[in-house]
Asker: 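My questions will all concern the structure given below.
Residue numbers begin at 1 in each chain, while the letters A, B, ... track the order of the sequences. Because the structure is predicted, anything quoted here is derived from the model rather than measured.
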Amino acid sequence: MSKRIYNHKAIEKKWAERWAENPINTPVDEDGNKKEKYYCLDMFPYPSANGLHVGHWRGYVISDVWSRYKLQQGKYIVHPMGWDAFGLPAENYAIKMGVHPAISTAENVEKIKLQIDQIAALYDWDMEVNTTDPGFYKWTQWIFVQMFKKGLAYEKEFPINWCPSCKTGLANEEVVNGSCERCNSTVTKKNLRQWMLKITAYGERLLKDLDQLDWPEKVRKMQSDWIGKSYGAEVDFAVKESEEKIRVYTTRPDTLYGATFMVLAPEHDLAKKLLTDAQREAGEAYIHAASMKSNVDRMQDKEKTGVFTGSYARNPLSKEWIPVWISDYVLIDYGTGAIMCVPAHDDRDFEFAKKFGIHIRQVIAKDGVAIEDMTEAYTEAVGSMINSGDWNGMESAVLKKEAAHMVAQAGFGEATVNYKLRDWVFSRQRYWGEPIPIIHCPICGNVPVPEEALPLRLPNVASYEPTGTGESPLAGIEDWVNCSCPVCGEKAKRETNTMPQWAGSSWYFLRYVDSKNEKELVSKEKMAEFLPVDMYIGGVEHAVLHLLYSRFYTKFLYDIGVVDFEEPFMKLFNQGMILGEDGQKMSKSLGNVVSPDALVDDYGCDSLRMYELFVGPPELDAEWDDRGIDGVNRFLRKLYNLLQDSLDNPVDETKDMLKLRHRMINDITHRLDNFSLNTVISGFMEYNNKLIDVAKQMGGIDKGTLETFAVLLSPLAPHFAEEMWASLGHRDTVFKAGWPVCDTKFLKDDEIEIAVQINGKTKAVVTISADADKETAIAAGKEAIGDRLTGTIVKEIYVPGRIINIVQK
RNA sequence: GCGGAUGUGGCGGAAUGGCAGACGCACUGGAUUCAAAAUCCAGCGGGGGUGACCUCGUGAGGGUUCAAGUCCCUCCAUCCGCACCA
């Protein structure tokens with residue numbers, strides 16, 4: 001029989017053109033009824049000059065398969081794409097190539113768009129946004145102004161994280177193990193005037209609302225750890241022969257009687273003040289040395305160092321005078337910057353006390369007895385109190401909860417909660433970002449640019465290279481910097497710092513649904529109709545960056561009435577990374593980057609889409625191996641041949657075929673629902689192999705089964721499915737077919753194959769009636785294993801539909 | 001140090017507590033071909049047996065169960081996150 005060959009190029013070209021003419025994703029159904037929306041969002045890329053590699057494809061394929069599955073279920077899919085085009089990567093590339101970042105960015109967008117088109121995803125380009133578009137960043141600036149008005153954006157000068165290579169300040173979230181998240185350079189400190197966003201004001205809500213999110217446990221845990229809430233007490237310790245008090249924060253007020261010394265951070269206000277004359281020289285030297293140490297050194301030098309101030313403070317419970325030390329293991333920006341030290345019950349305090357010969361007093365007896373000669377701290381709050389005055393005999397675990405209130409009642413402290421979360425260092429000393437819309441007026445102070453004057457456009461500048469001085473390149477443009485105050489008209493100066501790349505990405509998903517609105521960030525109607533995001537798909541690398549910032553922005557916009565939901569992303573899926581053949585992250589410098597372009601050309605979009613999913617479970621990393629794509633391509637070719645044979649030789653549907661068909665619907669649907677996309681593909685291969693076997697006997701497969709196959713396949717291989725659907729005589733798109741429903745009556749078998757075991761080891765397989773009773777089943781089983789049954793039968797087990805197990809001695 | 005993930009043939013991986021290795025890649029043999037590619041058929045965890053079969057086997061060791069890759073306990077390795085947060 002002469003066969004037409006599967007020609008991916010012709011088929012894919014044909015359907016790409018048809019879809020362009022007649023969009024398949026429509027907001028209303030055949031009868032003109034409005035469909036329910038489903039917003040499936042990809043983390044938008046920054047337009048890198050390197051283009052896409054097969055790893056980018058994977059995420060976009062996953063989201064598109066999911067979108068098309070929802071489309072087949074009758075939803076209107078909101079599936080937009082855009083460009084995170086401000087920021088350092090774009091700027092650094094532009095500097096390297098010697099072109100303006102606006103030009104290189106626009107070029108890269110065009111290139112990547114062509115590559116993205118090859119995926120054949122359902123993107124609605126009418127919604128496209130670009131963070132560098134003034135019509136977009138007008139609203140990025142507008143949000144900043146609203147935050148400023150609410151006191152959530154403020155200026156502060158303090159030593160911030162500084163990347164000497166990127167020549168800009170960084171947020172805490174951008175410092176990973178003491179290095180710059182972007183370029184990996186060691187981060188230093190630099191004293192700079194900064195714009196800050198008061199994300200800490202939202203700490204509690206950001207923590208609490210994590211509960212309601214359908215997000216990976218890992219990401220929720222990372223955010224909750226980053227926010228770092230703890231319960232405890234602040235306690236005052238009076239300084240001897242002084243009016244001063246030292247306030248400390250502790251999560252273990254139950255151990256207060258065990259506090260035998262105190263430590264101040266070197267930067268603490270009292271550190272210098274409490275130095276006695278005898279200790280002044282050594283103390284000041286220590287404080288100076290600490291100030292010269294980088295954060296990395298401080299983090300890595302775990303060996304305790306410190307200096308005694310010469311002063312004493314009184315433990316408010318034991319009434320003892322205890323020595324006050326200075327040490328850099330206490331951090332100035334957490335709690336009060338001072339701690340009470342209970343060496344018996346804290347590892348760090350124990351180490352310090354041992355090193356400097358400070359008294360250690362145990363106040364919790366592990367099993368009712370004090371440990372003689374402690375060799376390590378006993379840090380659990382389990383056991384009864386000793387050496388603790390009135391508290392003796394109480395259970396530590398109980399006291400831990402009550403002590404804070406007891407301290408508060410006694411008048412020397414209060415119960416408090418603390419967070420590790422810090423405010424967000426928001427300004428960057430670089431060119432390629434949104435100008436911060438603030439004017440510094442000598443009379444009025446900081447005044448926001450009036451809303452009607454937004455967007456405040458990024459001016460052209462002769463040199464956009466970073467200055468490295470802590471000033472943005474914008475500071476050099478005098479006629480831009482100098483302006484008049486919008487309030488009083490006096491001469492004033494513009495803020496010259498720009499926003500971080502996160503500014504645009506913190507809210508871009510809101511703008512897609514109303515991207516051309518000049519009057520509002522998003523209209524109430526569009527918001528109600530299309531927001532929030534139902535499914536968000538992207539890598540895990542943004543767990544405490546973009547994903548935390550977006551939640552903060554959304555909550556703020558909720559508070560000022562712009563949106564009516566508090567959480568932006570209902571469901572989150574983190575796809576695994578595609579690694580190079582060497583098991584390393586794909587990177588240009590390692591030379592292990594695989595481009596999708598040649599694969600699309602050789603095998604077609606549908607084959608690559610399927611192979612991207614077939615490489616492994618979508619949530620796990622996978623090493624790329626080009627050879628595997630032959631497998632899915634072979635699958636499509638075999639299916640194509642099967643289709644041609646069946647068209648040439650029509651056959652009627654049989655009961656067996658109906659069973660197979662509904663089993664296929666059931667399997668594929670389950671696997672899709674479980675997001676087990678790799679086994680969806682293997683499922684198709686299995687059914688394809690079964691159908692081919694049947695066709696060998698029957699000459700072909702009935703039309704109904706092939707139609708079902710086409711619909712099931714449509715989210716994964718959309719062109720192929722359309723071609724198949726059309727070949728079977730349909731004039732309309734397969735995407736209006738609707739997802740097939742499994743009729744469970746076809747799932748039942750009259751006869752089933754069941755394994756027969758002796759002592760749990762399978763010895764034979766028998767075919768018995770599905771509703772056989774135990775006696776019949778066991779009898780059949782025994783017959784099948786025959787003379788291998790040699791011992792005394794102890795037990796006979798029959799689990800219908802599952803197993804026959806004969807236990808013998 | 002703390003938290004999380006992962007560990008199954010040569011490789012990627014599959015298995016609601018019920019026949020371990022589906023599906024695919026690679027490989028081997030055969031058919032087809034002048035030849036190759038493509039395609040088709042067969043084989044493909046280890047050991048043993050001519051053979052029907054036997055036996056061991058899911059990182060290691062214990063346990064629960066008629067039955068464990070799967071559940072429980074104790075370890076080991078790799079990767080990821082956090083890390084002096086009092």
Asker: When the nearest nucleotide of RNA chain B is assigned to A/V540 and to A/N418 on a heavy-atom basis, which residue is associated with the more 5' position?
Answerer: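 Here A/V540 is the residue nearer the 5' end.
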Asker: In this structure, how many angstroms lie between the C1' atom of B/rG13 and the CD1 atom of A/I578, rounded?
Answerer: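 Interatomic distance, CD1 of A/I578 to C1' of B/rG13: 14 Å.
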Asker: B/rA20 and B/rU58: how far apart are their C1' atoms, nearest whole angstrom?
Answerer: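 To the nearest whole Å, 7 Å.
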Asker: Over all strands shown, is A/K690 touching base, sugar-phosphate only, or nothing at heavy-atom distances under 4.0 angstrom?
Answerer: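 Touches nothing.
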Asker: Checking contacts here: which listed nucleotide (B/rC80, B/rA15, B/rU39) is nearest the side-chain heavy atoms of A/T679?
Answerer: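 Of all the options, the side chain of A/T679 is nearest to B/rA15.
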Asker: For the pair made of CD1 in A/I326 and C1' in B/rC84, what is the distance, rounded to whole Å?
Answerer: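 Rounded to whole Å, this separation is 17 Å.
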Asker: What integer distance in Å separates A/N688:CG from B/rA22:P?
Answerer: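 The answer, rounded to whole Å, is 17 Å.
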Asker: Among B/rA38, B/rC84, B/rC23, which nucleotide has an atom closest to any side-chain atom of A/D328?
Answerer: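 From the listed options, B/rC84 comes nearest.
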Asker: Quick check: are there more than 12 heavy atoms from other residues, nucleotides or ligands sitting under 6.0 Å from CD of A/Q808?
Answerer: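 Yes, CD of A/Q808 has more than 12 neighbouring heavy atoms, counting only those of other groups under 6.0 Å.
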Asker: Return the nucleotide paired to B/rG7: Watson-Crick means purine N1 to pyrimidine N3 with N6-O4 or O6-N4, wobble means G-U with N1-O2 and O6-N3, both under 3.5 Å.
Answerer: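 Paired with B/rG7, as far as the under-3.5 Å criterion goes, is B/rC76.
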Asker: How far does the C1' atom of B/rG29 sit from the matching atom of B/rC80, given to the nearest Å?
Answerer: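 These two C1' atoms come out 45 Å apart once rounded.
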Asker: Determine whether A/T305 and A/Y329 satisfy the following criterion, side-chain hydrogen bond (donor to acceptor under 3.5 Å, both in side chains), listing intermediate values before the conclusion.
Answerer: CA-CA 8 Å; A/T305 59; A/Y329 84 89; over 6 Å; no
Asker: How far does the P atom of B/rA5 sit from the matching atom of B/rU74, given to the nearest Å?
Answerer: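 15 Å, rounded to whole Å.
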Asker: How long is the line joining CG of A/L613 and C1' of B/rC23, in whole Å?
Answerer: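 So the CG-C1' distance, A/L613 to B/rC23, works out to 14 Å.
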Asker: Identify the nucleotide, in any strand shown, that forms a Watson-Crick or G-U wobble pair with B/rU39, with both distances under 3.5 Å; if there is none, say none.
Answerer: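 Paired with B/rA31.
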Asker: For B/rG4, does the glycosidic angle fall within 90° of 0 (syn) or outside that (anti)?
Answerer: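 You should classify B/rG4 as anti.
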Asker: Please table the atom pairs, donor to acceptor, closer than 3.5 Å between any side-chain atom in residues 580-587 of chain A and protein atoms at least two apart or in another chain.
Answerer:
| from | atom 1 | to | atom 2 | distance (Å) |
| --- | --- | --- | --- | --- |
| A/D582 | OD1 | A/Q584 | N | 3.1 |
| A/D582 | OD1 | A/N592 | ND2 | 3.1 |
| A/D582 | OD2 | A/N592 | ND2 | 3.3 |
| A/S587 | OG | A/S589 | OG | 3.2 |
| A/S587 | OG | A/L590 | N | 3.2 |

Asker: For A/Y687 together with A/F709, are the ring centres under 6.0 Å from each other?
Answerer: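 No, the ring of A/F709 stays outside the 6.0 Å limit from the ring of A/Y687, centre to centre.
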Asker: Sequence neighbours left out, what passes ring-ring contact (aromatic ring centres under 6.0 Å, His included) with A/H268? Give chain and number order.
Answerer: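 For A/H268, no residue satisfies ring-ring contact (aromatic ring centres under 6.0 Å, His included) once neighbours in sequence are set aside.
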Asker: Round to the nearest Å and state the distance from A/E623 atom CD to B/rC25 atom C1'.
Answerer: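 One finds 14 Å between C1' of B/rC25 and CD of A/E623, rounded.
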Asker: Any side-chain to backbone donor/acceptor pair from A/D346 onto A/V342? Under 3.5 Å, distance only.
Answerer: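 It does not hold such a pair.
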Asker: Using purine N1 to pyrimidine N3 plus N6-O4 or O6-N4 for Watson-Crick, or N1-O2 and O6-N3 for G-U wobble, both under 3.5 Å, which nucleotide pairs with B/rG81?
Answerer: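 B/rC2 - that is the nucleotide pairing with B/rG81, both distances being under 3.5 Å.
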Asker: May I ask which nucleotide in the shown strands pairs with B/rG18, Watson-Crick or G-U wobble, both distances under 3.5 Å?
Answerer: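 Partner of B/rG18: B/rC66.
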Asker: Check whether any side-chain nitrogen or oxygen of A/K763 sits under 4.0 Å from OP1 or OP2 of B/rU55, and answer yes or no.
Answerer: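 For B/rU55, OP1/OP2 do have a side-chain N/O of A/K763 under 4.0 Å.
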Asker: Whole Å only: how far is the CD1 atom of A/I332 from the P atom of B/rA86?
Answerer: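 Atom-to-atom, A/I332 to B/rA86, this comes out as 16 Å.
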Asker: Write down the distance separating the C1' atoms in B/rG7 and B/rG61, rounded off to the nearest Å.
Answerer: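 Result for the C1' pair: 16 Å, nearest Å.
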Asker: How many Å lie between NZ on A/K304 and P on B/rA86, as a whole number?
Answerer: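 Atom NZ in A/K304 sits about 14 Å away from atom P in B/rA86.
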Asker: Between B/rU39, B/rA86, B/rC80, which nucleotide gets closest to the side-chain atoms of A/R634?
Answerer: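 Among the listed nucleotides, the one closest to the side chain of A/R634 is B/rU39.
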Asker: Heavy atoms under 4.0 Å, any strand shown: does A/D333 hit a base, just sugar-phosphate, or nothing?
Answerer: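 Since no nucleic acid heavy atom lies under 4.0 Å of A/D333, the category is nothing.
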Asker: So which protein nitrogen or oxygen atoms get under 3.5 Å of nucleotides 62-66 of chain B's nitrogens or oxygens?
Answerer:
| from | atom 1 | to | atom 2 | distance (Å) |
| --- | --- | --- | --- | --- |
| B/rC66 | OP1 | A/K795 | NZ | 3.4 |
| B/rC66 | O2' | A/N805 | ND2 | 3.2 |
| B/rC66 | O2 | A/N805 | ND2 | 2.6 |

Asker: At under 4.0 Å, does any side-chain N or O of A/N689 touch on OP1 or OP2 of B/rG24?
Answerer: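 A/N689 to B/rG24 OP1/OP2: side-chain N or O found under 4.0 Å.
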Asker: If you measure from the C1' atom in B/rC44 to the same atom in B/rC27, how many Å do you get, rounded?
Answerer: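 Comparing C1' positions in B/rC44 and B/rC27 gives a spacing of 8 Å.
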Asker: Considering only B/rG24, B/rA22, B/rA86, which nucleotide approaches the side chain of A/D346 most closely?
Answerer: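 Minimum distance to the A/D346 side chain belongs to B/rA86.
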Asker: Any side-chain N or O of A/Y334 under 4.0 Å from OP1/OP2 of B/rA86?
Answerer: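 Yes, because at least one side-chain N or O of A/Y334 sits under 4.0 Å from OP1 or OP2 of B/rA86.
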Asker: Suppose you measure atom P in B/rA15 against the same atom in B/rU70; what distance do you get, rounded to whole Å?
Answerer: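 The answer is 15 Å between these two P atoms.
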Asker: Mind checking A/N678 for me? I need base, sugar-phosphate or nothing, with any heavy atom below 4.0 Å counting as a touch.
Answerer: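 Counting heavy atoms under 4.0 Å across all strands, the contact made by A/N678 is with sugar-phosphate only.
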Asker: Which comes earlier along RNA chain B counting from the 5' end, the contact point of A/V615 or that of A/I754, where each point is its nearest nucleotide?
Answerer: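 Looking at RNA chain B, the more 5' nearest nucleotide goes with A/V615.
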Asker: With rounding to the closest Å, how many angstrom separate the C1' atoms on B/rU55 and B/rC11?
Answerer: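 These two C1' atoms come out 27 Å apart once rounded.
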Asker: Measure from the ring center of A/Y611 to the ring center of A/W624 and say whether it is less than 6.0 Å.
Answerer: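 Under 6.0 Å, so yes.
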Asker: In chain order, what residues pass the side chain to side chain donor-acceptor pair (under 3.5 Å) check against A/Y6, with sequence neighbours excluded?
Answerer: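 Result, side chain to side chain donor-acceptor pair (under 3.5 Å) vs A/Y6: none returned.
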Asker: Going by the rule ring-ring contact (aromatic ring centres under 6.0 Å, His included), which residues pair with A/F356 if we only count those two or more places apart in sequence or in a different chain?
Answerer: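 A/F356: ring-ring contact (aromatic ring centres under 6.0 Å, His included) contacts with A/W325, A/F352.
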Asker: Below 30° counts as parallel, above 60° as perpendicular, anything between as tilted: where do the rings of A/Y334 and A/Y249 land?
Answerer: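 Rings of A/Y334 and A/Y249: perpendicular, over 60°.
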Asker: A/F635 vs A/F684 aromatic rings, parallel, tilted or perpendicular, using cut-offs 30° and 60°?
Answerer: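 The rings of A/F635 and A/F684 sit tilted, inter-plane angle from 30° to 60°.
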Asker: Is it true that A/R422 and A/D333 have a side-chain N and a carboxylate O under 4.0 angstrom from each other?
Answerer: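 Yes.
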Asker: Give the rounded distance in Å between these two atoms: CG of A/L608 and P of B/rG24.
Answerer: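 Atom-to-atom, A/L608 to B/rG24, this comes out as 19 Å.
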Asker: OP1 or OP2 of B/rA14 less than 4.0 angstrom from a side-chain nitrogen or oxygen of A/R671, does that happen here?
Answerer: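 Checking B/rA14 against A/R671, no side-chain N or O comes under 4.0 Å of OP1 or OP2.
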Asker: Identify which nucleotide among B/rC40, B/rA22, B/rC41 has an atom closest to any side-chain atom of A/K638, counting heavy atoms from C-beta outward.
Answerer: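 Comparing B/rC40, B/rA22, B/rC41 against the side chain of A/K638, the answer is B/rC40.
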Asker: Could you work out the separation of B/rU8 and B/rG13 based on their P atoms and round it to a whole Å?
Answerer: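 The same atom, P, in both gives a distance of 9 Å.
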Asker: Considering every strand shown, what is the Watson-Crick or G-U wobble mate of B/rG45 when both distances are under 3.5 Å?
Answerer: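 Because both required distances fall under 3.5 Å, B/rG45 counts as paired with B/rC56.
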Asker: Side-chain N or O of A/S230 versus OP1/OP2 of B/rA86: is the shortest distance under 4.0 Å?
Answerer: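 For B/rA86, OP1/OP2 do have a side-chain N/O of A/S230 under 4.0 Å.
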Asker: Write out a two-atom table: protein N or O, nucleotide N or O from nucleotides 28-30 of chain B, distance below 3.5 Å.
Answerer:
none

Asker: Does B/rU50 have a Watson-Crick or wobble partner in any strand here, with both distances under 3.5 angstrom, and which is it?
Answerer: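 Its partner: none found.
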Asker: Might you confirm whether atom CZ of A/F158 has over 12 heavy atoms from other residues, nucleotides or ligands at distances under 6.0 Å?
Answerer: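 Result for CZ/A/F158: enclosed.
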